Structure formats: structure tokens, C-alpha cells
A.B. asks: 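Sharing a structure here in C-alpha cells format.
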Amino acid sequence: MKIIVLDKKNKLAILLILLLGSLVVIFTSPFAGSKLISLNNIFSLEPGSSDFKIFWVIRIPRVLLAYMVGAILALSGMVFQAVFRNPLVCPFTLGVSSGASFGAAIYIALGFSFTLLGISGISFFSFLGAVFAIAIVWYLSRMKQGSSVAKMLLAGIAVSFFFLSIIMFIQFISGVIQSLRISRWLMGGIYAFGYDTLIQASIIAFLGLFIIWYFSHDLNLFTTGEELAISRGVDVKLTVTILFFLISIMIGGIVAICGPIGFVGIIAPHICRLWIGPDHRYLTPATFLFGGLFLALCDTLARSLLPPTEIPVGVITAILGGPFFLWLLHAKFSDSSISL
Amino acid sequence: MKKNIVTIQGFSFSYDQKKVLDQITCFIDEGDYVSIIGPNGAGKSTLLKCLNRILTSQEGEIHLFGQKLSGYKQKELGRLIGYVPQGREQLFPYTVYEFVMMGRYAYVPAFSYTTAEDHRAVEQALSMTGIMDLAKRPVNALSGGERQKVYLAGALAQEPKILLLDEPTTHLDPKHQVEIQKMIWDISSQCGMTVIHVTHDLQHLCLGPQKILALKEGRLIFSGPSEEILTPANLKTIFGTAFVFLPFPSSGKKFIVAEAML
């Protein structure tokens with residue numbers, strides 16, 4: 001079985017490449033943006049200079065935040081794809097992002113402002129929205145006739161529309177300022193949030209990585225079908241409950257910060273699966289790294305393309321992700337099979 | 001005296017009010033080869049799935065090795081019971097080796113990699129099913145017959161005491177049907193593994209002496225050794241159509257043919 005040993009080496013090499021790529025992106029992209037920054041200025045002796053401030057106070061935390069958000073979205077997408085055995089689902093297509101947005105929109109519209117046990121009220125509301133949406137989709141997928149790809153996607157679209165129309169209603173009845181705040185935030189963007197937000201997002205991202213990695217054997221078995229997973233010894237009910245609760249925290253947490261950002265959760269795990277294979281022991285870290293790298297790059301594009309303005313990063317990922325989704329649908333599903 | 005390992009007492013199962021299994025009581029001994037037969041919708045697969053808790057029911061009781069089934073952790077069941085499904089699921093592109101290795105789930109702790117013992121079990125399962133040469137192929141590119149052997153190897157990698165088979169050969173061509181049925185029969189007699197096999201193939205029942213459980217409309221209507229159960233009259237009661245038994249000239253083994261076909 002020499003080939004298999006070699007395989008393992010190749011997979012570790014891919015992970016190393018992704019890690020190095022991530023470091024390159026994290027260290028170079030803070031220099032890009034509507035104001036280019038030269039290397040000399042960031043280590044200057046007078047910390048008051050504007051380049052110094054832009055680099056250390058605004059851009060470094062922003063790039064890292066984009067990285068964490070991308071990693072979280074990608075991991076959530078990967079888990080959904082394994083549990084639902086369906087390569088076209090992600091937090092966005094399942095309506096979970098909309099559910100979280102719905103929670104956050106209610107928070108904004110009601111003009112609440114509170115913190116519970118150190119967790120901001122808006123995160124708490126989007127968490128509840130995400131739980132609600134996942135519960136609906138899970139219930140729909142469990143209905144007697146069995147879940148097909150088409151049914152899952154339709155359920156996701158229905159859930160999405162449902163929440164988005166309620167959000168529109170909320171915007172309609174709330175004041176102009178709240179309404180504008182909601183619609184700007186719905187576009188999805190990573191703005192200047194500083195280090196506190198970065199730390200929160202990093203905790204969520206690494207906690208998510210750790211727990212999902214812990215379940216990588218279980219996720220492998222999920223992809224072979226629920227019955228087979230149970231027969232091999234997976235406690236499916238318990239595992240699904242833990243994973244969905246975790247993802248609700250992850251999605252709720254970042255939607256509260258950045259709004260719904262689409263398609264990272266579908267692109268990243270898919271590309272990683274093509275590259276490193278479907279074994280979640282390797283796929284999990286690869287997806288984390290690739291998702292982070294991808295969104296950090298998209299965000300750099302978002303703030304460099306049209307200076308001095310910024311494009312919301314959700315617009316960039318959707319422009320890239322829409323065609324990718326269509327390609328996937330066409331290339332993989334033209335024979336109406338659901339093989340990957 | 002063989003040891004009793006599965007006890008099913010007064011067991012019922014319902015899907016949405018509809019009773020699929022009704023007051024089933026039966027006993028299975030260690031090393032038994034059990035075939036569950038019956039018409040479509042009789043509850044055969046449901047009974048099989050209740051044995052490793054793919055499905056659960058509160059009505060009646062199942063005991064496994066003297067312990068209540070509900071008292072087991074799912075992982076413990078994964079070490080005692082192997083399962084081979086009908087196998088029509090779409091699969092992600094794992095290699096055969098990776099897929100069979102997933103049968104070791106119940107033995108591998110989280111975060112850890114597979115041990116030499118796991119690799120030995122997988123290689124043994126691959127050689128027992130004769131698919132060593134497929135080890136590096138992706139499972140989604142296999143033919144139906146090859147894939148069914150991979151499912152069987154996965155179940156054997158569980159190193160179970162009991163092997164559950166849910167019509168594993170129903171969708172296969174005749175060559176693969178025969179090959180896999182003989183394979184299962186040989187594995188059971190060589191390893192002394194208890195096999196519980198849902199089947200539609202009556203010819204399979206003539207492979208050798210075995211225990212038969214016949215279900216009809218959720219009730220157990222016959223149970224016992226094949227020599228006693230396999231009579232034209234009983235088969236007519238079970239399936240609602242007449243059969244004739246023809247002895248094969250050289251071996252004396254019986255053929256079962258539906259009368260309507262003659």
C-alpha cells in the first residue's frame with residue numbers, strides 16, 4: 001500500500017501550500033487598497049503617521065477578519081454538504097444566512113442595544129435566526145419522500161425568500177435610517193471593526209475548526225448515507241445536533257458582524273474536495289485555509305478596484321460565485337445524477 | 001447447544017400510524033445463517049434496520065447478547081453488527097481503500113489515525129471479497145457488482161459478530177448475484193459469523209441448510225429450518241403464488257420455480 005502513504009504526503013504538501021499562500025496573502029494585501037502603502041512607513045519611528053495608522057489599525061485587523069470570516073463560511077458549507085450529501089448546499093443556498101440576517105434585521109429595526117454575557121445582542125439575534133432556518137431546512141429534508149438535490153435547493157430558496165421578504169417588510173415599516181442601515185448591511189461587507197471584533201471572530205473560527213475536525217470521521221460517514229453512518233457506529237442524532245448548533249453560532253456570529261456573504265461556503269469546500277479529496281481529516285483544514293485565503297483576496301479586490309470607494313465584498317463573491325454555481329449545476333448535474 | 005444471541009420479543013414498528021411490523025417474536029443463535037423472506041412491503045428491511053438501530057421503536061423488546069438493544073452505545077453496535085445496504089446511494093469519490101476503512105469507525109478514536117490493526121482488518125476484508133486490485137479506484141466509478149463487494153468489505157472491516165444484509169444482490173446481473181451470494185455463504189461458514197439476510201432470491205435458500213423467517217404483512221408467519229419451511233404449500237401461503245420444486249439431476253439440490261413460468 002505504498003501509494004496510500006504517498007497520498008498522505010501529497011495531501012500534507014497541499015495543506016502546507018495553502019498555509020504558505022495564506023501567510024503571503026495576509027502579509028501582502030494590507031499594502032494594497034485605495035491608498036498604497038510603502039514598506040518603509042509601517043515600521044517608521046513615528047507611530048502617528050497616517051500610513052502607520054492605516055496599516056496597523058485598519059488594514060491588518062481587516063485582512064485577518066476577512067480571513068476568519070471566509071474560513072467560517074467555508075467550514076459551514078463543508079459541513080452542510082457532508083450532512084445533506086449535496087454539493088450545492090451552503091449557508092447561503094440553504095437560507096441559513098437569510099435566517100441570521102432576519103434575526104439581525106429585527107435587532108436593528110427594534111433599535112435594541114444590549115450585551116448578554118459579553119455577546120452582543122445582534123449576534124444573539126442572528127444566532128437565533130440561523131437556528132430557526134436550519135431547523136426548517138432539516139425538517140424539510142427529513143420528510144418521508146427522502147431528500148433529493150432539487151428538493152433541498154427548493155427548500156433553501158423558499159426559506160431564503162421567506163426571510164428576505166420579512167426583512168423587506170421590516171425595512172418598509174422602520175425609519176429611513178434604520179432601513180438604509182439594514183440594506184447596506186445586507187450587501188455583506190467587511191469594514192473597519194478593529195481588534196475586538198477580530199478576536200471574537202478568531203475564537204469562533206478556531207473553535208469551529210477544532211470541533212469540526214474532531215468529527216471528521218463522522219463527516220466522512222455522513223457522505224456515504226445516514227443509514228450506513230449509523231450502522232458503522234455514528235450517533236447521527238447527537239452529531240447532527242452538535243454540528244448544527246455549532247454552525248448556528250458560527251453563521252450567527254459572522255452575519256452579525258459582516259452581513260450575509262454568499263458563495264464562499266460553496267466554492268471553497270468544492271475546490272478543496274477536487275484538490276485534496278473528500279476525506280474530511282484533510283478536507284477540514286484545507287477548507288479552513290482556502291476559505292480564509294479566498295475571502296481575504298476578495299476583500300482586497302473589494303477595497304482596491306474602485307478607489308476611493310469600496311465595493312461590498314458580498315458583491316464580489318456573488319459575482320464570482322454565481323457563475324461557479326451555474327457551472328457546477330451544469331457540469332455535475334446535466335445527467336440528473338447527484339454524483340460529485 | 002448453540003448460544004442464543006438475538007432475542008426479539010413482541011416487537012412492533014410503525015411508520016406514521018401504519019404498522020409495518022406486528023408482534024414479532026423470534027430467536028437467533030450464534031453462527032446461524034438466517035434468511036428473511038416475504039413479499040414486498042412485508043417489513044423485511046424494517047426488521048433488519050431495527051436490529052442495529054437505524055430504526056427504533058418502543059413497542060416490544062430486542063435483546064442482543066443478553067443485553068437490551070437500547071442499552072448499547074451506537075459505537076458498541078458498530079463493533080458487533082456489520083451492515084450491507086442495497087447500495088444505490090450516490091457516493092463521494094473516496095477510494096475503495098478509504099471507503100472500506102470507514103468500516104473501522106467504531107475502532108478509531110477521534111483525531112487519531114488508523115493503526116496497523118485497522119490496516120490489517122481492511123486488507124483482510126478486501127481479500128475476502130476479492131477486490132484487493134480495486135483498492136485505489138474511486139468508489140463512484142465502480143460497476144454495481146464491484147460496488148456491492150465494496151459494501152460487503154466495509155461491513156467485514158467492522159469485524160462484526162453479526163452481519164446484516166439487505167437484499168445485497170437485487171440490482172445485480174446474474175454473474176454477480178451468484179458470485180456474491182456464494183461469497184457470503186462461504187464467509188459465514190468459514191468464519192462462523194451469524195448472518196441475517198433479507199432476500200428475494202428463492203434459489204439462494206437452496207444453497208444449504210439455514211434458518212428461515214417468513215414475513216407477510218408485518219407478521220412472522222413461519223420460522224424454522226429451511227428443510228421444514230421450504231414446501232410448496234408454505235411458499236404459496238407466503239407469496240400468494242404457486243411454486244414447484246425440481247431436483248437437480250447431478251447434485252440432488254432443489255430448484256424452486258414459479259408454476260406460472262412453466
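Please read all numbers here as calculations on a predicted model, not as lab measurements. Each chain gets a letter, A, B and so on, in the order the sequences are listed, and its residues count up from 1.
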A.B. asks: Between B/Arg120 and B/Glu117, does at least one N-O distance fall below 4.0 Å, as a salt bridge requires?
C.D. replies: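 Yes, charged N to carboxylate O under 4.0 Å.
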A.B. asks: In terms of heavy-atom proximity below 4.5 Å to chain A, should B/Lys73 be classed as side chain, backbone, both, or neither?
C.D. replies: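 Looking at B/Lys73, nothing touches chain A.
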A.B. asks: B/Ala106, B/Gly154, B/Gly82: which one forms the most heavy-atom pairs within less than 4.5 Å of chain A?
C.D. replies: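 Most pairs with chain A among the choices: B/Gly154.
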A.B. asks: In sequence, state the C-alpha distance, the side-chain angles, and the governing distance for B/Arg104 and B/Glu123, and then conclude on salt bridge (Lys or Arg N to Asp or Glu O under 4.0 Å).
C.D. replies: CA-CA 12 Å; B/Arg104 301 295 294 171; B/Glu123 275 167 39; over 6 Å; no
A.B. asks: Taking B/Ala155, B/Pro138, B/Ala157, B/Pro85 one by one, which has the highest count of heavy-atom pairs under 4.5 Å against chain A?
C.D. replies: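 The candidate making the most pairs under 4.5 Å is B/Ala155.
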A.B. asks: Enumerate by number any residue of residues 201-212 of chain A whose heavy atoms lie under 4.5 Å from heavy atoms of chain B; in the absence of such residues, state 'none'.
C.D. replies: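 Residues A/Phe210 are the ones that qualify, each having a heavy atom under 4.5 Å from chain B.
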A.B. asks: So which part of A/Thr223 gets closer than 4.5 Å to some heavy atom of chain B, the side chain, the backbone, both or neither?
C.D. replies: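 Contact with chain B: backbone and side chain both.
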A.B. asks: Would you call A/Arg232 and A/Glu227 a salt bridge, using N to O less than 4.0 angstrom?
C.D. replies: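 No, A/Arg232 and A/Glu227 are not salt-bridged.
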A.B. asks: Pick whichever of A/Asp235, A/Leu238, A/Asp218, A/Asp279 has the most heavy-atom pairs under 4.5 Å with chain B.
C.D. replies: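 If we count pairs closer than 4.5 Å to chain B, A/Asp218 comes out on top.
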A.B. asks: Between B/Tyr151 and chain A, with a heavy-atom cut-off of 4.5 Å, which part of the residue counts as in contact: side chain, backbone, both or neither?
C.D. replies: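 B/Tyr151 touches chain A through backbone and side-chain heavy atoms alike.
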A.B. asks: Given heavy-atom pairs under 4.5 angstrom as the criterion, report whether the side chain, backbone, both or neither of B/Arg53 touches chain A.
C.D. replies: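 When you check distances to chain A, only backbone atoms of B/Arg53 fall under 4.5 Å.
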A.B. asks: Tell me if the aromatic rings of B/Tyr97 and B/His119 count as close, with their centers under 6.0 Å from one another.
C.D. replies: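 Judged by ring-centre distance (under 6.0 Å), B/Tyr97 and B/His119 do meet the cut-off.
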A.B. asks: Would you mind checking which part of B/Ile54 comes under 4.5 Å of any heavy atom in chain A, side chain (CB onward), backbone (N, CA, C, O), both or neither?
C.D. replies: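 For B/Ile54, backbone and side chain are both near chain A.
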A.B. asks: Could you tell me whether A/Glu226 and A/Lys237 make a salt bridge, using a distance below 4.0 angstrom between a side-chain N and a carboxylate O?
C.D. replies: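 A salt bridge is absent here (no side-chain N lies under 4.0 Å from a carboxylate O).
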A.B. asks: For B/Asp173 and B/His176, what are the C-alpha separation, side-chain angles and deciding distance, and is it a side-chain hydrogen bond (donor to acceptor under 3.5 Å, both in side chains)?
C.D. replies: CA-CA 6 Å; B/Asp173 61 47; B/His176 280 106; 3.1 Å; yes
A.B. asks: Does the ring centre of A/Phe263 sit less than 6.0 Å away from the ring centre of A/Phe92?
C.D. replies: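 A/Phe92 vs A/Phe263: aromatic centres under 6.0 Å.
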A.B. asks: Angle between ring planes, A/Phe294 versus A/Phe290, binned at 30° and 60°: parallel, tilted or perpendicular?
C.D. replies: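 The arrangement is parallel - the two ring planes meet at less than 30°.
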A.B. asks: Got a donor-acceptor contact below 3.5 angstrom from the A/Thr317 side chain to the A/Gly262 backbone?
C.D. replies: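 Side chain of A/Thr317 to backbone of A/Gly262: a pair is present.
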A.B. asks: Heavy-atom pairs under 4.5 Å with chain B are the metric here; pick the option from A/Ala82, A/Gly225, A/Ser231 that has the most.
C.D. replies: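 Heavy-atom pairs under 4.5 Å are most numerous for A/Ser231.
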A.B. asks: Do A/Phe245 and A/Phe127 have ring centres separated by under 6.0 Å?
C.D. replies: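 They qualify: ring centres under 6.0 Å apart.
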